[in-house]
Amino acid sequence: MKASEMEYRLKFFLDNGFQRKECKVCKTPFWTLDRTREDCADIPCSDYHFLDMKEGSLNWSVSESRKKFLEFFRKRGHEIIPPKPVLARWREDLYLTIASIVDFQPYITSGLVPPPANPLVISQPCIRMDDVDNVGITFGRHLTTFEMGGHHAFNYPDKFVYWKDETVSYAKEFFTKELGISEDLLNFKESWWEGGGNAGPSFEVTVGGLELATLVFMQYEISAGDYVPLKLKIVDTGYGIERIAWFTQKTPTAFHAIYGNLVDTFFDKLGQPRVDSELLRVASRFAGRIDPDNISTLVEHRNLVAKALGIPVDVVKDELNRAARIFQVLDHTKTVALMLGDGLVPSSSGEGYLGRLLIRRALRTLKFLGTDVKLSELVKLQINFWGYDFPQLLRNRDYILDVVDVEQEKFQELISKTSSLSEFLSKSKRSIGLEDLVELYDSNGIPPDIIADELRKKGIQIEVPHNFYSIVAKRHQVAPLKKDKDTLKLPEHIINEVKDIRATEALYYKDQYARSFDATVLLSKSKYLVLDRTLFYPEGGGQLGDQGWIILNGDRVRVVDTQKVGDIVVHILDREINLEKGMRIEGEIDWERRFRLMRHHTATHVVLAAAKKLLGDHVWQAGAEKTPQKARLDITHYKPLTAEEIRKIEDMANSVINDRRPVRPFEINRVEAEMKYGVSIYEGGVPNKANIRLLEIEGWDVESCGGTHVWNTGDIGAIKIVKTEKIQDGIIRLEYVAGDMVSRYARELEDKLVNVSSKLETSSDQLEMKVEKLLREHQEAKNLIAYYRKEALELLSRSIQERSINGIRLIILPQIKDQELEKELMRRLTSQSKTLVVHITQTNGELRVDLGTSRDIDVKGVVERLKEMGGKGGGRGTFGSMVVANKSREEIIDYIKETIERGGL
RNA sequence: GGGCCGGUAGCUCAGCCUGGAAGAGUGUUCGGUUGGCAUCCGAAAGGUCCCGGGUUCAAAUCCCGGCCGGUCCA
């Protein structure tokens, strides 16, 4: 959508003498006070001239830039809001926090929930993976992590805060007064923004080539391709905190401004000579001309730098490539620290994969730099550097460093495979092509440049195409997309019929211990029944739906399941009853089943919190299921649990039970809940409501939950963890039983013990001793068999009868039951040259003939002859095997003799 | 969630394509060489060829299903 010019023609501009001009390069309109300006002062239409400006040379660090930004807006009526984690765990449509507005979507931006303050200001650390390939080579234009300073105003129809003029005025004031940039250097470039289903006009604030902020005016919702005006008009600004720091410091690259002395420390740690500042500064100045997708622009850039400095282009290339690698490591180690600090567990799927990707990229670069420095050491430097700004780095320091070490070990294992694989490839006669590289990367994860590097050492040249990763991506695109439609437990027509009924009153929340109730029928259609209120809990949050009975006129009808459609509860009966609307009925839930479900559900919260307290903040629920029989909980964790850890979790859980802690559900507005308890309340899933139900286990755990729970942890009775397994990389599954199911579990174990004991004819008390004895006896028996085999071998090889036919030594063995012995004997006898050994044995009605020959004879001749005689089978070289029907032992021997006589061998 | 690769001696793996007597290196034990160690020489022990089914006279090998591990993509 092209916004109309009027959207940008602000009173502020007209009152302050700004002119609308058009960039001579990109033709984009922009507003400026500078009558001579011809371009929009943004890359690539302009180089980074700001590096040569005197304005705003204040030397602000990132930390100071953030503080100045927040303070400026706080003094102008904005409340400072703390940032959220870089993992967007309060929503299910995003893995990473990619912008400050993400914190307020979708419930605040849609107007369902009020914002935590209005207007507000925030500095939100963000992670974007889009440009991960370009980090470093553009000297700071692309980063995977940055802080977005945002001041936001939410304008409601009945409550206006501020809109475009004020926003632009704030920007002008901030940049002129705080940064000391003269106002005719400021440009407001007209632009259009779309994202997350919203859209609106925007201004990009550019100075000397650098875009310092984007001012977005969210006013449309994109619905089926149409732009529908939003009820709420939202000021969504993004100030680049790192760019502000760079602008005020005018360091050679953005990395110098962000990481300060860490830049030199990294060069030294990685054993790389530092790169000349002037060279970097010039490289930065022209960095806007680099289009990473177009390799020729990179070559041009290097040429340009070489020309400007009068240095050979090869030297420029080497120096800048080395610097780019260091910058990439700087960037990735910070991003990794932030992700892990907020609880990411590297894995092969989901957000965990994004973390692993960054770690692997950093490790790969370390390998190319030829350093054996541990990645965790570099991450440690980042933790020390950023720990004050992001305390979660210090809090989770041990976890971060350990997990990085574990990932490095895994990567090294991978790389060690590379040499044997490349050995194999280089030995194979065929030429090694792109297909091999793709194959190795896709199925073994070996980066193509590493394989190419390895092969080069062996003298095999192989080119890795620049678009390698898009080739891989393409290969995956052709994979068929299987849609996994939820198997609905309710038929379509029932859902349609039911969805307009009013919400069912949830008696199961009013009193979680109530067992019977009365209600009025709202809809009764074959096996499906909707009431005005119910005690039957509908399946949700991993808790199964209730079972029980509906009682009408003393007749009990079984309820086999309970489901919900929105807020409407549907009872599923075991037979069809068609009741009239308005009829009164009674209901009773299957209390024993329900109580077991409640115990297992509350137990799940207890166990999760225990695991978290024991293992660390990175433990996050990745799935759960509660049945009356048992419960299971999947948690994110990077190592298998040790036996001690499992016991500790169990002990902690049981001590919470013995503590008899109150368990209290309550309703709260979601923004308040997030501010008070953090986003970990969403472990079990993100509810789709403005007001959410929280469950608090006093002093232990607070979590969003819609299930039914016991009122006190004492009611769980007991917890026994019965199984743990790694279900995929980075995810551990815990299975446990609670309450009376612990007794049932113990009984099952007991039964197994008794069963095994009786089979071994002993008591369960003496089972271990008995097993040891049996194992010993088994070993002794094996030894004895080996002894007898040896004896038999001697005896047999001495007693065999051999005859010589046509220069061939023919040996007919007697029938031997022991196949091992037979083979052993053949092997021994055929070690003499010109020997044919025959073994004939009876197998269900047929004769099985095994033939063994010494190496100078091929078994083929005899095999062919026996085939002609109706035998089935074959063989090759020195061994053959046939099955012959309707022939006697003697006949077969005659055939063989005859074959030898004819010289058929 | 989808794709690809793998599972053989304690460990690292070959054999599988093209079905036909289960292999190598390393480690272990024993013996020899040596004043002793390293080294070297010789021998032995060590196997559910991941599990289940199918095809076949015959399956580590081919086919189907499952389990486990790795990896790429989303």
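Lettering follows sequence order; numbering is per chain, from 1.
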Next item on the list: Would you kindly give the CZ-to-C1' distance between A:R876 and B:A59, to the nearest whole Å?
Entry: 13 Å
Margin query: In whole Å, I'd like the distance from the OH atom of A:Y441 to the C1' atom of B:G3.
Written below: 14 Å
Checklist line | Touch class at under 4.0 angstrom, heavy-atom based, for A:R828 against every strand present | finding: nothing
Margin query: With a 3.5 Å distance limit and no angle check, can you tell me whether A:T636 reaches the backbone of A:W620 through a side-chain donor-acceptor pair?
Written below: yes
Check: Where along residues 868-875 of chain A does a heavy atom fall under 4.0 Å from RNA chain B?
Finding: A:K872, A:G873, A:G874, A:G875
Check: Is the backbone N or O of A:Q621 less than 3.5 Å from a side-chain atom of A:E683, with the two atoms forming a donor-acceptor pair by type?
Finding: yes
Checklist line | Partner residues of A:Y95 under the side chain to side chain contact (heavy atoms under 4.5 Å, CB included) criterion, sequence neighbours left out | finding: A:E351, A:L354
Note to self: The criterion is salt bridge (Lys or Arg N to Asp or Glu O under 4.0 Å); which residues satisfy it with A:K374, sequence neighbours excluded?
What the structure shows: A:D405
Check: When we call it a touch if two heavy atoms are under 4.0 Å apart, what does A:M826 touch: a base, just sugar-phosphate, or nothing?
Finding: base
Next item on the list: Mind checking A:T853 for me? I need base, sugar-phosphate or nothing, with any heavy atom below 4.0 Å counting as a touch.
Entry: base
Next item on the list: Measure the distance from CD1 on A:I359 to P on B:U71 and round it to the nearest whole Å.
Entry: 12 Å
Next item on the list: Indicate yes or no: at least one non-hydrogen side-chain atom of A:S881 is less than 4.5 angstrom from one of A:R848.
Entry: yes
